[in-house]
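Report on one structure; see the data block that follows.
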Amino acid sequence: MTEMDEPELTNSRLGSLEYDPAPESTAIAHFRPSYGIFIDGRFTDPSSHEQFVSLNPANEEVLATVAQSSREDVDRAVASARHAYDTVWSRTSGPERAKYLFRIARLIQERARELAVVETLDNGKPIRESRDVDVPLSAAHFFYYAGWADKLGYAGFGPDPRPIGVAGQIIPWNFPLLMAAWKLAPALAAGNTCVLKPAETTSLSALLLAEILQQADLPPGVVNIITGDGASGAALVDHPGVDKIAFTGSTEVGRLIQQRVAPSQKRLTLELGGKGANIVFDDAPIDEMIEGIIDGIFFNQGHVCCAGSRLLVQESIADEVLRRLVRRMEQLRVGDPMDKNTDVGAINSAAQLARIRELSSFGESEGATRYTSSCMLPDKGYWFAPTVFANVSQSHRIAREEIFGPVLSVLTFRTPEEAVVKANNTNYGLACGVWSEKGSRTLWVAQRLRAGVIWANTYNKFDPSSPFGGVRESGFGREGGRHGLEAYLDV
Amino acid sequence: MSEPRLDVRKTYKLLINGAFPRSESGRSYKVFTQSGEFLANVAQGSRKDLRDAVLAARGVQAKWWASSAYNRGQVIYRLAEMAESRRDELAVHVGAAEGLRAPEAFASVARAIDRIVWYAGWTDKITQVYGGANPVAGPFFNFSLPTPSGVVAVLASQESSLEGFVDAVLAPIAAGNTVVALASELRPTPAVLLGEMSATSDFPAGVLNIITGVTSELAPTLASHEEIDGIDLAGVGVDQASELNVIAAGSIKRVFRPRQNDTDPTRRLRAFIETSTVWHTIGQ
Amino acid sequence: MSTAPLRLVTGDDYGVKIDHASSVPLMNSEAQLKSTLAALAGVDAVGLEGRCAKLATRSIKKTTKLAAIDLAISMVDLTTLEGADTRGRVRSLCAKAMRPDPRDLTVPSVAAVCVYPDLVAEARSALGTSKVSVASVATAFPSGRASLKVKLLDVAEAVDAGADEIDMVIDRGAFLSGRLGEVFEEIAAVKEACRGAHLKVILETGELVTYDNVRRASWLAMLAGADFVKTSTGKVGVNATTPTALVMLEGVRDFAELTGKLVGVKVAGGIRTTKDALRYLVLVNETVGSSWLSPDRFRFGASSLLNDLLMQRLKRQRGAYVRADEFSGD
């Protein structure tokens, strides 16, 4: 073919080599038709026999029914945790606690495939992410805190720091297993006992974790898992037998929890919402930066509290970045979460989908330019195509409110100073990204950002040794790292 | 009646670069139980064996340190798993070597395994506990990171055949060093067994090298070897330690001499760590 | 009620857009060349390698796999570059190139046979009228350590003997010491000496070491007239890797959008298995797209890869793993 035959403008289609479906087998996941609650080392029936269903959000099929824990169930769970604390766990030495946690880490590694499949079926996230991120990080978290259990005296909180007692832990639906690991591992390492409540739409991996705790011969009552909705969570928050509440979820609910525990002596840590700014300078490594922006907002369907949901681009490269970004977004493979080649999976619930749709509609009505991937969406299940809004202003709702979905708002800036001002112009303060090849400027910006985590030339990176948490209305307290121990020590 | 079965006896060999050679010198020496019965012929390592071991340790050190702290922790924990599954065998040897009755020997092995677990947990804590950011005056981001010294020679305790050995080799290894260890001269078999276990624990070849032999013959070679960055003198008496210390000074080695009744278990961990400080400007 | 412009992205919007009316900018001085290369965005090694690791998890199955295997076979530059090469060896290689599996004529022929200049004539005569090209390494391959005069003579001889494609090596010493004008001029001179033969420029990325260097060297070669940029000679410690290939693919993509000229990429050295080959095809697919999924724009420089591709192909047909001796050892 000579150049003469070609049209004036040709377009080399990306992804034109179609990939045949490569579904991970679901055979490894064995769901019981219904689950009780995990108290005192056993699955028991809830007092009220009230149940709710856990759906696969990718096709709306029922996976299992799960117990709605009542106030009485919470009572039993807390009593079990208290008893285990008094009679067993507070007397278990650091080295012995460490060995339990190492066992749990190893069991998670051994049952990794099963956990990944269960997580993807119940949550809707791509199997590639549950397999390569959620499950290995969960194991790593237990492994890391196992190492602390017999070294608490070196953590900087005094020579012999003591645990707090019974911890009530409420976790969200976006990383069900990983959040359970983030909560349980430091609590157990420090010597506390736990009552954990997973989110109502994603209980199943926590219940599988309960089986793992049984296999590890963790003493009964050290970890209790109660399922249920916000009412169960409220009962746990209010329970007088709980010494500490750790909550990950929305700022709205976090505020309510802080108010409810205010009259008590309970310790509290909160990991709440965010509206992370990803700041892009004109000297950024452009190809990796585009990947980072994509990962920052479309990882886990944007159901990430630290998502880089605001892109702040230096004006001189804004058009070029938007063009490359939209091209890359269009390439994302949206669909069956069980397919190993899927990049973006299902929205976790009908309620969340409705919220994303509502907030996105404001983007258009307020005058932003919308780019939405032309990907085909399945008929059944909850789906939202990856979307980028350009020409967004600071005052737009899509620039201020947490959408918690695959929706990015693009704004521009002219100077580093202006980038910092815009990035900080939010009530949140969880995470930010900075993209530049110039180290001194990156550090200058990082120093001025009000955020608990700042990623430079990368985004959405997590490691058990690195503290995570927010400032301002993104919450307080840290999870991960040496700092994460403080939340579970009486110091 | 079948005839009584003849035991298959084991050869106790060196551990160099992940392989189990006999000494290149072809020598061995007899090792006895505490009560004086013949236990085994053990390879009597030579200076050339030491040289090979140092070469292996040096060759893999950068790789060992470059692997993630998490990964190094898992490798060391795997050694604990291996040791646990061969606990009985270790206890027989610790008992025979140290003259302990079975319950005492088992208790010693249990402590040694828990100690391995303890070190497994240190790999990713060392930086956090001993490193940090420094608030220098001026527009600089300044942080200090602990880094390993490099290759560490260990003259392991002559008395504590397993517990002492575990401590002396795993402290530098956990910190990212690689080790050439001289096992207890008269009680070497528990160390040899641990070496065999390390070879099935995903340790990269050369991270832990174990030489058995005559301490007085080999120690000066280790103390003077310029590719060795640090030396642990647990296995020699006061006089010899002072002599070796002088030799080690020739190449400015970091020297660790255990204190009597030491209650701080991190002293050994800190012995072979350097501090590397980075300054970076901050500005628009 | 919506007042905002709403646009659904469509397939036409997002590919690699190539404006054939635009052209390759002329470099009038070394200073201009240097500033052009200095203006290229940096490469973040962590992000780059992370992207490759993620793409390496793509699962290629069933019909996609069969199609990809055949595509890969058609992209192979079947190579022999040994001091011990003989005419006999080249003839049997050519036979294999034209008909990789004599029992199955649905197997495509490879793209080219790649030999040293003195064996070009032998390859030319063995290949006859087949559409398999003759590629020759030249310019004092693999070190490139010779005078320009000798290098051009090397090229001229290969072209005279019937080479369709010339694989030249750049002067890495000149590149690393900043004599970029020299490297540029040498490539331009070789291009001229090629007289219509396609020019593949070997960057020897294992010696350039950094990804920033790979990006700049790719652009330098393209600006100087390369038809292909190629990773390696296969003669140094580090050969083709997926991250270097990705940097080069990003380079040809951006170059095509800027200049309208489509430059090919050849990965060479150390690619032995079907799995390796598929990983590169995934990179091509997701970075530069359909226009490069052809032997005209992407090549594998390899020798043992071909047999593994054939084995995998036969395995899919038979439903069982096949033994290596099913195929000739050429």
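The chains referred to below are lettered A, B, ... by the order of the sequence lines, with proteins before strands, and numbering in each begins at 1.
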So which of B/P139, B/A69, B/G283 has the biggest tally of heavy-atom pairs under 4.5 Å with chain A? B/G283
Salt bridge or not for A/R441 and A/D283, using N-O below 4.0 Å?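 Counted as a salt bridge, because a side-chain N and a carboxylate O are separated by less than 4.0 Å.
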Using a strict 4.0 Å threshold on nitrogen-to-oxygen distance, state whether A/R131 and A/E119 make a salt bridge. no
Region of [X] that comes under 4.5 Å of a non-hydrogen atom in chain A:
X      : result
B/D124 : both
B/E81  : side chain
B/R115 : neither

So which of [options] has the largest heavy-atom pair count under 4.5 angstrom toward chain B?
options                       : value
A/F281, A/W444, A/W148        : A/W444
A/A98, A/A149, A/A140, A/P95  : A/A140
A/Q447, A/K99, A/R482, A/R106 : A/R106

List the steps and the verdict of side chain to side chain contact (heavy atoms under 4.5 Å, CB included) for A/C194 and A/K183. CA-CA 9 Å; A/C194 302; A/K183 292 281 181 286; over 6 Å; no
Using the rule side chain to side chain donor-acceptor pair (under 3.5 Å), only one of B/S161, B/S108, B/S160, B/S184 pairs with B/E98; which is it? B/S161
In this structure, are over 12 heavy atoms from other groups packed under 6.0 Å from [X] atom [atom1]?
X      : atom1 : answer
B/R87  : CZ    : no
A/K438 : NZ    : no
A/R113 : CZ    : no

What part of A/E417 lies closer than 4.5 angstrom to a heavy atom of chain B: side chain, backbone, both or neither? both
The single option from A/F143, A/Y145, A/Y144 that satisfies ring-ring contact (aromatic ring centres under 6.0 Å, His included) with A/H141 is A/Y145
Select all residues of residues 166-179 of chain B having any heavy atom within less than 4.5 Å of some heavy atom of chain A, and report them by number, or 'none'. none
For A/W455 and A/N460, does a side-chain donor sit closer than 3.5 Å to a side-chain acceptor?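 No, no side-chain donor-acceptor pair sits under 3.5 Å.
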Can a side-chain donor-acceptor contact be found between A/Q109 and B/Q74 if the only test is distance below 3.5 angstrom?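 A pair is found: one side chain offers a donor N or O, the other an acceptor, under 3.5 Å apart.
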